[in-house]
Student: 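Pasting in a structure now, in structure tokens, and then I'll have a few things to ask.
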Amino acid sequence: MTTAKAQLETINWYFGQYMGLRFEGDQAIPVEGGQLYTGEGCASISDQQGNLQFYTDGTTVYTREHQVMVNGTRLKGNSSSTQSAIVVPYPSQPKKYIIFTVGADDRATPTYTTNEGLNYYVVDMNLNQGMGEVIHPTNNNLLPLVSEKIAAVRHRNLKDFWVVTHFEDRFYSYLVTADGVQHQPILSIIGPQIDKRTYPVNARGYLKISPNGRTLAIAHLTNLNYDSIPFGQMTPSDDYYPTNGPYANAYPGYLGLYRFDNSNGRVTDETVLDTSGSPYGIEFSSNNENLYANVDYHTLINNVGEWSHGELMVYKNLLNNPSYTGGADPIKATKRVLNRYSVLDTPSALFTARGALQLAINKKIYYSRDYKDYLSHIANADDYSNPMFEERGVVFPYYTYNVNTRYGLPPFFSSGIFRIDCVPLGGLSTLCLGNGVQFSFYEEIGMTVQSYAWDFGDGSTSTEASPIHYYTAPGLYEIKLIVQTIEFGELEVYFVAVVNPLPVLQSATLEACDADLDGSLLFDLDSAQEQINAEEQYTYTYHLTEEEALENINPLPSLYESTVNNEIIYVRAVTETGCTGITTITLNHAQTTYHSLEPIVICIAYDQAQVLQLSNYNERIEALLGTSSVLHIQYFESIDDLEANRNSITTIRILNETKKVYAKVKLFGSLCDDVVELTFQPSEVPLFTIEDIEKCIGDRVEVSRPVHEGYTYQWIGLTGEDTNQELDHASVILQNPGRYTLVVTNENGCRRAIDFTVTDYPPVLITEVKVNDNRQIIITAEGEDLMYSINGENWQHENVFVNLSEGIYTIYVRSGKGCITIHYNVVIFKWVNFLSPNTDSYNDVWRLKGLERYTDVHVQIFNRFGKLLVDKVMSNENEVWDGKYQLKIQPSDSYWYVIKIPGHTTFTGSVLLKNKK
């Protein structure tokens, strides 16, 4: 019974400078930890379940834990060899592998090289606790000298392998069986002739066998004949390294396509595709129908090689059809350039297109150019008419160390004779949760299948030839198929299916403000993506109906004009892996809310305009809106300016006309701005004056203003009895001097306050009133422009009144301001100014009739010499003097008197004393 296992051996790659990839479904995922630091050659191998076994650069072997394998050093490959190594499973010996290495020597000469040719080594993964050990066979050299090329393919018997290399004009095919490596190769002598003397430059370039093992392609970077080298006519470096200098590297090479027979290892039907450029990387599509290659083109002018440009191209592999006999020209005619390189963007001065091309399990072809942080890839490589090249196909993150691509990618043995095909239902290109998938067994060699035993990796099985299965959870599933065939017995095939999750979607709502209320709004539908899923990067299209979204037809522009409030837009979201989900966006047309403040009265005085700082009204607006969540307020003189958001203002000038201002209010959490209309209504402040008032002491004056309807009045500053009146009338009576204020308020609350003063004129002060000789009144007073009166009617400027009759007089003194001071009860007595103290009972004493009515009357009498004879106080009596001094009668003479009546006046004059003795 034959058991062949296939397919997952190629899902782990290690290459370049510390670079690594793992393939899961359609995705290539960068991984870190790799230890390779290789300029070109590398190889990796995994078991049939996709578990990494080891990797190598042709000189050192590393375990899956990135440690040097036991005996894993000093292999005879070279990291500068294009294909320094390739690994094939050891037939019929589980967990054993064979590493084939090819050497290189960049300084080789026609007579000397360190290239140790083609060698092989056995790796036994059963040893060293499953970490493996390298076994160096004693006789493991197959060729003493070889080019930098090697390829492997499964034998048609599905048990054994062919390992193929090239040197000079022949292909060497080595058979690997359960007995090991057969040292006697199958030789295919066929063009072109590659001059071994110009190694190493002639050795470079890839060798690949198509997945089905029917065709083979080879790339020789140059095909320089040593005898044609123009020694002495090249640059000094060319002369020093004639087989590896600029001239040799720029010399045209060879790109060829052949048929290969995987039943006998023979190479036939040389088909020359290009001899004008320098090819390096080559690869077949997974369906064997297309051959991809990269070629740099040069010019040799005066024996100096210069780079011209580079190309990535594809040819139809017409040799895959066994009946094709058309030769090279029809194939060459199918050449299509996928990408042209016109700028040198790598460190080399002669190469930029140069790099490995390698088919992956996801059917994409990956492309490694020198010193990049990414791999390019070709998707849809099976479709000659529409391969999709992407320069930055897989971008590598920056780890704690720097990673770079170089020229190489790991080659694998071709085993496309049979495989598991996985086709998602519904025409999808990827397997998504909830979507069915159809599995089938693909083979190219005409097997007769007797039975199928499918294990879908989730506990489900089937015996159908092409079963349809539905997975209930996303994840990686290892599918195992056991096929019983008549020709080859039991075939065991593996495949990893990645069931990708559907996009996680939330419905979204977009709001825009219909400020002009025309019902039409422009929405940026892309802005809803944050609501739909803020974590994942999906590809979105927008549709008017759910059916259009499901069918992905009639997509809407991302800037969409909506004319219906709460319109529903259907969103088609596609994950990076191609899984689709549908959700909705609701388009909400918000509208501006308009408000008005009560008219604001602005008091205007004396025709002086008021310049208002509009920010002072922010608090009123907040109170009107009932919120403190105002973010910003702008003011405009017109609605047009507000809607156009132009000519905002911060102040407004108010004089004699009503003005309106419009505030645009942005509230926290509100989509539309609120608009508040402010009306400023001028109101003239009451205009009036009150002159300061001067009055006579004790006078009461009325102060008043004209009465206006709607005005209110308030008098301020009154004291004493002046407060005993209404103080909110238009007039007031004032007696007390002082500073007063009248506040007049109009019907709009505009107030004016006027201060005025009330002062008394200087008082008229009567300092003395004298009565002389009892017939004359003399008034002494202080003041200006004084006039005098003793009856209040007749006034005179003289202060002396004479020839007065007996009686009581009131004294009036009037100032020039009309203020009058009154002195009451000045008495003119009927006096006899004579006494004769002779005891005859007539005039014995000086008696003043009427004086008895007064008390505390002060009497003084003097002789002519001024001697005070009498000095006494009298009360209610009228006998003034008896003519004596110290009991002695005084001699006859005239004596002077001064009589003071309290509260009245002072009487002065003389009295005659006549002594008859």
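Since this is a predicted model, take the numbers as computed values, not measurements.
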Student: With heavy-atom distances below 4.5 Å as the criterion, would you say the side chains of Leu804 and Ile790 are in contact?
Tutor: yes

Student: Report yes or no: do Asn618 and Tyr635 form a side-chain donor-acceptor pair below 3.5 Å?
Tutor: yes

Student: For the backbone of Cys603 and the side chain of Gln610, can you confirm whether one donor and one acceptor N or O come within less than 3.5 Å of each other?
Tutor: yes

Student: Distance only, no hydrogens: is a donor on one side chain within 3.5 Å (strictly under) of an acceptor on the other, for Asn645 and Lys664?
Tutor: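 Note: Asn645 and Lys664 side chains meet the donor-acceptor criterion.
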
Student: Does a side-chain heavy-atom distance below 4.5 Å link Gln506 with Ile532?
Tutor: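 Counting from C-beta outward, Gln506 and Ile532 never come under 4.5 Å.
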
Student: Is atom CD of Glu511 surrounded by more than 12 heavy atoms (other residues, nucleotides or ligands) closer than 6.0 Å?
Tutor: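 More than 12 within 6.0 Å, yes.
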
Student: With distance as the sole criterion, is a donor-acceptor pair present between the side chains of Asn746 and Asn748 under 3.5 Å?
Tutor: no

Student: Verify whether one side chain among His595 and Thr593 offers a donor that lies under 3.5 Å from an acceptor in the other.
Tutor: no

Student: If you count the non-hydrogen atoms of other residues, nucleotides and ligands that lie under 6.0 Å from CD in Glu702, is the total more than 12?
Tutor: yes

Student: Consider only side-chain N and O atoms of Ser520 and Glu561, and report whether a donor and an acceptor are under 3.5 Å apart.
Tutor: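 Looking only at side-chain atoms, Glu561 and Ser520 do form a donor-acceptor pair, the distance falling under 3.5 Å.
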
Student: Starting from the C-alpha separation in whole Å, work towards a yes-or-no answer on side chain to side chain contact (heavy atoms under 4.5 Å, CB included) for Leu587 and Leu525.
Tutor: CA-CA 9 Å; Leu587 304 182; Leu525 300 179; 4.0 Å; yes

Student: Check whether any side-chain N or O of Asp844 sits under 3.5 Å from a backbone N or O of Thr839 as a donor-acceptor pair, and report yes or no.
Tutor: yes

Student: With a sphere of 6.0 Å drawn around NZ of Lys659, does it hold more than 12 non-hydrogen atoms of other residues, nucleotides or ligands?
Tutor: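 Yes, enclosed.
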
Student: Could you check whether the rings of Trp715 and Phe756 sit parallel, tilted or perpendicular, using 30° and 60° as the cut-offs?
Tutor: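 Perpendicular: the ring planes of Trp715 and Phe756 meet at over 60°.
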
Student: So, the side chain of Arg847 versus the backbone of Trp881: is there a donor-acceptor pair under 3.5 Å, distance only?
Tutor: no

Student: Treating Thr757 as the side-chain partner and Arg739 as the backbone partner, does any N or O pair qualify as donor plus acceptor under 3.5 Å?
Tutor: no

Student: Any donor and acceptor pair, going by atom type alone, linking the side chain of Ser789 with main-chain N or O of Asn794 inside 3.5 Å?
Tutor: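 A pair under 3.5 Å: yes.
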
Student: Would you say the side-chain atoms of Asp755 and Thr741 include a donor-acceptor pair closer than 3.5 Å?
Tutor: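 Yes - a donor-acceptor pair under 3.5 Å links their side chains.
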
Student: Would you say that Asp882 contacts Leu835 through its side chain, given a criterion of any heavy-atom pair below 4.5 Å between the two side chains?
Tutor: no

Student: Is it the case that the side chains of His858 and Asp871 hold a donor-acceptor pair, with the cut-off being a distance below 3.5 Å and no angle test?
Tutor: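 Checked: Asp871/His858 side chains pair up, N/O donor to acceptor below 3.5 Å.
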
Student: Might you confirm whether atom CH2 of Trp896 has over 12 heavy atoms from other residues, nucleotides or ligands at distances under 6.0 Å?
Tutor: no

Student: Would you say CD of Glu622 has more than 12 non-hydrogen atoms from neighbouring residues, nucleotides or ligands within 6.0 angstrom?
Tutor: yes

Student: Do Tyr560 and Leu544 have side chains that approach each other closer than 4.5 Å (heavy atoms only, starting at C-beta)?
Tutor: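 Sidechains of Leu544 and Tyr560: in contact.
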
Student: Please state whether the rings of Tyr540 and Tyr542 are parallel, tilted or perpendicular, taking 30° and 60° as the class boundaries.
Tutor: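 Rings of Tyr540 and Tyr542: parallel, under 30°.
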
Student: Would you confirm whether Gln890, through its side chain, and Lys888, through its main-chain N or O, come within 3.5 Å as a donor-acceptor pair?
Tutor: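 Yes, Gln890 side chain to Lys888 backbone: donor-acceptor pair under 3.5 Å.
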
Student: Are the side chains of Leu786 and Ser815 in contact, using a 4.5 Å heavy-atom criterion?
Tutor: yes

Student: What's the verdict on side chain to side chain contact (heavy atoms under 4.5 Å, CB included) for Val764 and Arg814, showing C-alpha distance, side-chain angles and the deciding distance?
Tutor: CA-CA 7 Å; Val764 176; Arg814 184 177 69 188; over 6 Å; no

Student: Can you confirm if the aromatic rings of Tyr897 and Trp846 lie within a centre distance of less than 6.0 Å?
Tutor: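 Yes.
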
Student: Below 6.0 angstrom between ring centroids: does that apply to Tyr617 and Phe680?
Tutor: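 They qualify: ring centres under 6.0 Å apart.
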
Student: Do the side chains of Phe801 and Ile828 get nearer than 4.5 Å, heavy atoms only?
Tutor: no

Student: With no hydrogens and no angle check, is any side-chain donor or acceptor of Gln735 less than 3.5 Å from a backbone partner on Gly698?
Tutor: yes

Student: Other residues, nucleotides and ligands only: do more than 12 of their heavy atoms fall within 6.0 Å of CZ on Arg751?
Tutor: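 At most 12 heavy atoms, drawn from other residues, nucleotides or ligands, come within 6.0 Å of this atom.
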
Student: Tell me, yes or no, whether the heavy-atom count around Lys817 atom NZ, taken from other residues, nucleotides or ligands under 6.0 Å, exceeds 12.
Tutor: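 No, the 6.0 Å shell around NZ holds no more than 12 heavy atoms from other groups.
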
Student: The criterion is salt bridge (Lys or Arg N to Asp or Glu O under 4.0 Å); which residues satisfy it with Arg646, sequence neighbours excluded?
Tutor: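 So Arg646 forms a salt bridge (Lys or Arg N to Asp or Glu O under 4.0 Å) with Asp641.
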
Student: Does Val504 offer a backbone N or O that forms a donor-acceptor pair with the side chain of Tyr538 under 3.5 Å?
Tutor: yes

Student: Report, as yes or no, whether the 6.0 Å neighbourhood of atom NZ on Lys849 holds more than 12 heavy atoms from other residues, nucleotides or ligands.
Tutor: no

Student: Applying side chain to side chain contact (heavy atoms under 4.5 Å, CB included) to Val601 and Cys750, what does each step give before you reach the verdict?
Tutor: CA-CA 8 Å; Val601 174; Cys750 294; 3.9 Å; yes

Student: The test is side chain to side chain contact (heavy atoms under 4.5 Å, CB included); show your working for Leu718 and Gln725 and say whether it passes.
Tutor: CA-CA 10 Å; Leu718 282 69; Gln725 58 184 315; 3.7 Å; yes

Student: Flag the pair Val769 / Ile777 as yes when at least one side-chain heavy-atom distance between them is below 4.5 Å, and no otherwise.
Tutor: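 Heavy-atom side-chain distance check passes, below 4.5 Å.
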
Student: Are Arg700 and Asp722 packed together at the side-chain level, in the sense that at least one heavy-atom pair is separated by less than 4.5 angstrom?
Tutor: yes

Student: Donor-acceptor pair, Asn878 side chain versus Glu852 backbone, under 3.5 Å?
Tutor: no

Student: My understanding is that only one of Ile621, Asp673, Thr592 makes a side chain to side chain contact (heavy atoms under 4.5 Å, CB included) with Val665; could you say which?
Tutor: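 Among Ile621, Asp673, Thr592, the one that satisfies the side chain to side chain contact (heavy atoms under 4.5 Å, CB included) with Val665 is Ile621.
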
